[in-house]
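Right, one structure below, let's go through it.
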Amino acid sequence: MIDLSGRTQLILTGADAVRYLNGQVTNDVRKLRPGQTQMACVTTAKGRLCGDVCITAQGGALIVDAEPMLREALLARLERYIVADDVTIEDATDSQALLHYIGPASPPASAVGQVAAARRFGRDGWDLRLPQTDFAGARESLLAGQVVLDDALAELLRIEAGIPRWDRELDENTLPPEAGLDATHIDYHKGCYIGQEVISRLKSVGHVNRQLTGFIAEDAAASLATGAPLFTTAEGGSPVGVFTSAAFSFTFQKSIALGYLKRGSPPGPLFARPADTTGAPAVVTVRELPFVS
């Protein structure tokens, strides 16, 4: 179990909630059924990210959750285009607990709250939402028999699954296909939404100038560092990429990393040298994402 209660949680209600949100995100909200979730992007008119979100259909409402630092900006962005629409957005971040369980998509008998199937870490699982006041009283029973993952282990699962994260792989300058989000967050057959023209044009072009990529250290003793630039030679030169997240993988017994690689760069070996070190660079090879399926 991973406690995601710190995530931004926005609840959309009203007769126009589905139609309105469908015009704001890259996935097709109309396909959601109660108890289901989908991933989506909120983009600008130029197709760049305002945020990556998880949308849940539950209890006649749509719940949008995202990274904590997106709280104010995402709420403002989703409210911006409401004119005569029958839709209300409530910020429930402080009042709702959000727990994610990795494993069979069926809750234990002790689960009290709203349950939805969700695939957040590249693995089947489910979300449990309940008021923070109820969570405080039911905490012991909800955690019984569960392995509670801390932030470091949850981050490792994310990296091994090749899932980009806001403020690491994603920011306001990111085009969704650069981060591989076109495979999980975009429905190219849905109707109009803000940024659709640019997103569709990128698909027709068939490539972007950089791509989210996996890297693994060749030497088990090497440590990969977030922010380290990548070069085609040990001597350096012009960087062809950069690490955005890194961790030691117990699966591979080596350091692994996510990062961006320029289009047309050789598949490896590549050399990573953080700016604050003078030793030999770490030698890495490119790995297809996800690291762990």
Side-chain angles (χ1 to χ4, degrees), residues 1-7 37 39 52 54 65 67-68 98-108 117-128 139 142-170 179-181 183-184 211-231 241-261 267-277 279-293:
M1 191 279 288
I2 302 170
D3 189 347
L4 300 178
S5 299
R7 285 177 66 83
T37 60
M39 301 301 177
D52 66 309
C54 179
D65 68 79
E67 288 286 350
L98 172 58
L99 310 179
H100 179 69
Y101 294 79
I102 296 176
S106 57
R119 189 175 173 85
R120 291 181 181 267
F121 290 86
R123 297 162 169 83
D124 291 335
W126 49 277
D127 290 343
L128 175 64
R139 184 180 182 88
L142 290 174
L143 302 186
Q146 301 294 330
V147 176
V148 181
L149 300 187
D150 61 18
D151 291 343
L153 284 175
E155 180 72 350
L156 174 57
L157 288 185
R158 179 189 72 83
I159 294 171
E160 288 187 336
I163 298 173
R165 182 177 183 179
W166 192 264
D167 208 30
R168 292 295 185 90
E169 291 72 36
L170 308 176
L181 297 179
T184 54
Q211 190 67 57
L212 184 65
T213 306
F215 305 92
I216 186 168
E218 290 194 348
D219 186 348
S223 178
L224 306 184
T226 300
L230 288 161
F231 304 94
V242 62
F243 292 151
T244 52
S245 297
F248 179 82
S249 170
F250 300 105
T251 302
F252 298 104
Q253 290 296 300
K254 291 182 177 181
S255 287
I256 61 174
L258 297 177
Y260 283 102
L261 194 62
L270 297 171
F271 302 86
R273 186 196 300 274
D276 58 351
T277 61
V283 183
V284 299
T285 53
V286 171
R287 286 291 295 252
E288 183 178 350
L289 294 175
F291 289 99
V292 177
S293 173

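In this text the structure is predicted, and so the values were computed from the model without any measurement. No hydrogens, no waters, no symmetry mates; every other heavy atom, side chains included, goes into these values. For reference, positions follow the sequence shown, starting with 1.
For the pair Arg7 and Asp127, the salt-bridge criterion is not met [side-chain N within less than 4.0 Å of a carboxylate O]. Classification of Arg168 and Glu67 as a salt-bridged pair fails, no side-chain N sitting under 4.0 Å from a carboxylate O.
Taking a 6.0 Å sphere around CD of Glu288, one finds it holds 12 or fewer heavy atoms contributed by other residues, nucleotides or ligands. The number of heavy atoms from other shown groups lying within 6.0 Å of CG (Asp150) is above 12.
Residue Ile256 is tested with Val284, Ile216, Thr251 for a side chain to side chain contact (heavy atoms under 4.5 Å, CB included); the sole match is Ile216.
Between the Arg287 side chain and the Gly214 main chain, no donor and acceptor come within less than 3.5 Å of each other. Tyr260 places no side-chain N or O within 3.5 Å of a backbone atom of Thr244 that could act as its donor or acceptor partner. Remark: side-chain polar atoms of Glu169 are paired, donor with acceptor, to backbone N or O of Arg165 under 3.5 angstrom. Panel note: side chain Ser5, backbone Asp3; no donor-acceptor pair is recorded below 3.5 Å. Within the 3.5 Å criterion, the main-chain N or O of Leu258 finds no donor-acceptor partner in the side chain of Ser245. Using modelled atom types, no side-chain atom of Ser249 and backbone atom of Lys254 make a donor-acceptor pair closer than 3.5 Å.
Summarising the geometry of Leu128 relative to Trp126, their closest heavy-atom pair is CB-CZ3, 4.0 Å, with the distance given to 0.1 Å. The two residues Ala228 and Arg273 have their closest heavy-atom pair at CB-C, 4.4 Å. Residues Leu149 and Leu153 approach most closely at CD2-CD1, 4.1 Å, considering heavy atoms. Scanning all heavy atoms of the two residues, the minimum distance from Phe291 to Phe252 falls at O-CZ, 3.7 Å. Summarising the geometry of Asp52 relative to Pro164, their closest heavy-atom pair is OD2-O, 4.3 Å, with the distance given to 0.1 Å. Taking all atoms of both residues into account, the shortest heavy-atom contact from Ala117 to Thr37 is O-OG1, 2.8 Å.
At least one side-chain heavy atom of Leu157 sits less than 4.5 Å from a side-chain heavy atom of Ile102. Between Gln211 and Leu289 the shortest side-chain heavy-atom distance does not fall below 4.5 Å. Between Leu261 and Leu270 the shortest side-chain heavy-atom distance falls below 4.5 Å.
Between the CG atom in Leu224 and the CD1 atom in Ile159 there is a gap of 10.0 Å [rounded to 0.5 Å]. From Arg120, atom CZ reaches atom CD1 of Ile2 across 9.5 Å, with rounding to the nearest 0.5 Å. Atom CG of Leu170 sits about 5.5 Å away from atom CG of Leu181, to the nearest 0.5 Å. His100 contributes atom NE2, which lies 9.5 Å from atom CZ of Arg123 (distance to the nearest 0.5 angstrom).
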Would you check, one step at a time, whether the test side-chain contact (heavy atoms from CB on, under 4.5 Å) holds for Phe271 with Val283? CA-CA 5 Å; Phe271 302 86; Val283 183; 3.8 Å; yes
